[in-house]
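Inspection log for the structure reproduced underneath, given as structure tokens.
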Amino acid sequence: MKALILVGGFGTRLRPLTLSFPKPLVDFANKPMILHQIEALKAIGVTEVVLAINYQPEVMLNFLKDFEEKLGIKITCSQETEPLGTAGPLALARDKLIDESGEPFFVLNSDVISEYPLKEMIEFHKSHGGEASIMVTKVDEPSKYGVVVMEEATGQVEKFVEKPKLFVGNKINAGIYLLNPSVLDRIELRPTSIEKEVFPKIAAEKKLYAMVLPGFWMDIGQPKDYISGLRLYLESLRKRSSPKLASGTHIVGNVIVDETAKIGEGCLIGPDVAIGPGCIVEAGVRLSRCTVMRGGRIKKHACISSSIIGWHSTVGQWARVENMTILGEDVHVCDEIYSNGGVVLPHKEIKSNILKPEIVM
């Protein structure tokens, strides 16, 4: 089987992290976002992954070459010269996706994190005999999304309602699809939307089916959702009794710590924390609801909550970093500094307090 991952654009919502790396290579729970998906695809027998990309393809491919060998899966790029939306890239990658087997192929949005029940999706797709299957997830506030109206018993999709004012349902498109090759005949090579142009036509012919996603789901393309997604992901590890979770007297709730990270005496870490490779957390540090990426250093008695600390950044002694502070790569927060929601571009030194959320260039 093959799969296409929609990598797409510039990752503007996740700046300043995406100023250093393309968004799919930004770490989530101690490994690049896209790797969560590639590993899940490999696990159910996908042999080739095509990345639909219009930005920095060489950076992505160089990076993923190592993983190609480790995982034993072929990874190729289909590069857009202009943004083609969510359907155009399928037409562009047509020759890479179609082979004589006639097997359906997966399409995934690169921002989506979940338990990826792909095996169940294959079984669902075969059972209904339609042309396309989409994964849907239940949300509390459907009015913020495009809602999928479907027949509960069979999963057959009736229609899509964009940001409904009145309640029509609470299931939204989760950005994971399984499509027969015939779907490619419906897509022209131009900027076009799979959600707004292609799927409604298939639904009108009663050939589109939706499967309700078991477990958690989050689009982690922006910082607030990234932190929420980390909580859900770690909770899912807890439910599966994963050995990846850290334990000890200094750990509260769900935490993952890379084996190469060093943690000092008297720290209190958690809940919902990821500490990456080569990080140094000195004595007496308090961390909660945050990520410290590869090579970060948190000095004595610093306190960090609801924030993302980018690669090789340093937080000084007794500093306090909170309220969705995002430090880009190689940022240095001096001792005793307070940051309330600062978004700091790479390679900066912060010598004065950031008292309200603002971008520091």
Side-chain angles (χ1 to χ4, degrees), residues 1-11 13 23-24 34 37 41 46 49-55 77-98 103-114 116 118 121-122 124-125 128 130-137 139 142 144-150 155-164 169 171-213 217 219 221:
M1 283 188 84
K2 297 186 177 186
L4 178 90
I5 300 180
L6 295 165
V7 172
F10 302 111
R13 297 178 305 161
K23 182 172 59 179
I34 200 162
Q37 300 187 328
L41 289 164
V46 169
V49 174
V50 181
L51 307 177
I53 189 166
N54 64 17
Y55 177 58
C77 262
S78 170
Q79 192 186 355
E80 306 166 25
T81 48
E82 57 166 337
L84 290 171
T86 51
L90 277 74
L92 187 65
R94 182 191 178 97
D95 296 345
K96 293 178 190 279
L97 293 170
I98 287 193
E103 284 288 309
F105 57 89
F106 281 102
V107 177
L108 287 84
N109 286 344
S110 68
D111 299 357
V112 166
I113 200 90
S114 76
Y116 307 116
L118 305 177
M121 195 172 189
I122 295 171
F124 173 74
H125 186 74
H128 66 63
E131 194 174 4
S133 300
I134 65 173
M135 201 81 87
V136 294
T137 185
V139 289
K144 294 190 336 199
Y145 304 94
V147 171
V148 180
V149 181
M150 58 190 266
Q156 191 179 79
V157 175
E158 293 167 14
K159 60 179 178 177
F160 296 84
V161 183
E162 193 56 40
K163 296 184 179 163
K171 296 182 190 73
I172 65 163
N173 178 347
I176 301 172
Y177 319 129
L178 187 55
L179 311 176
N180 286 352
S182 58
V183 172
L184 294 171
D185 300 335
R186 298 171 176 271
I187 303 171
E188 294 172 34
L189 182 53
R190 60 178 176 84
T192 166
S193 160
I194 198 163
E195 301 88 353
K196 293 184 178 143
E197 296 178 60
V198 181
F199 286 158
K201 285 180 185 157
I202 304 176
E205 294 174 25
K206 302 197 176 340
K207 292 180 182 172
L208 182 66
Y209 289 79
M211 172 180 152
V212 180
L213 179 88
W217 177 89
D219 174 338

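Model, not experiment: these values are computed from the prediction.
Looking only at distances, no side-chain donor or acceptor of N109 sits under 3.5 Å from a matching main-chain atom of D111. Using a distance-only test at 3.5 Å, with no hydrogens or angles considered, no donor-acceptor pair links the side chain of K206 to the main chain of Q156. Judged by distance alone, the side chain of Q37 and the main-chain N or O of Y116 form no donor-acceptor pair under 3.5 Å. In this structure, S110 contributes its side chain and L6 its backbone to a donor-acceptor pair below 3.5 Å.
Taken from OG1 in T192 to CD in E197, the straight-line distance is 3.5 Å, to the nearest 0.5 Å. Atom OG in S78 sits 13.0 Å away from atom CZ in R94 (nearest 0.5 Å). Here K171 contributes atom NZ and L213 contributes atom CG; the two are 12.5 Å apart, rounded to the nearest 0.5 Å. For the atom pair OG (S193) and CD1 (I187), the distance works out to 10.0 Å, reported to the nearest 0.5 Å. To the nearest 0.5 Å, the span separating CG on L84 from CG on L92 amounts to 6.0 Å. For the atom pair OH (Y177) and CE (M135), the distance works out to 11.5 Å, reported to the nearest 0.5 Å.
No side-chain heavy atom of V136 sits under 4.5 Å from any side-chain heavy atom of V157. Proximity of P104 to L179: side-chain heavy atoms (C-beta onward) are nowhere separated by under 4.5 Å. Between E195 and I134, every side-chain heavy-atom pair lies at or beyond the 4.5 Å cut-off. Within the 4.5 Å cutoff, side-chain heavy atoms of M121 are placed close to those of S133. The shortest side-chain heavy-atom distance between V49 and F106 does not fall under the 4.5 Å cut-off.
The two residues V7 and P24 come nearest to each other via the heavy atoms CG1-CG, 3.3 Å. The two residues S114 and I176 have their closest heavy-atom pair at OG-CD1, 4.0 Å. Across all their heavy atoms, F160 and A203 have their closest contact at CE1-CB, 4.4 Å. Among all heavy-atom pairs drawn from I194 and T86, the shortest one is N-OG1, 2.9 Å. L90 and L97 make their closest contact through O-CD1, 4.1 Å (heavy atoms, listed as atom of the first residue, atom of the second, distance). In this structure, G155 and M150 approach most closely via the heavy-atom pair CA-CE, 3.9 Å.
Using cut-offs of 30° and 60° on the angle between ring planes, the pair Y209 and H128 is parallel.
Paired with N180 under the rule side-chain hydrogen bond (donor to acceptor under 3.5 Å, both in side chains), one option of E131, E103, K207, H125 passes, and it is H125.
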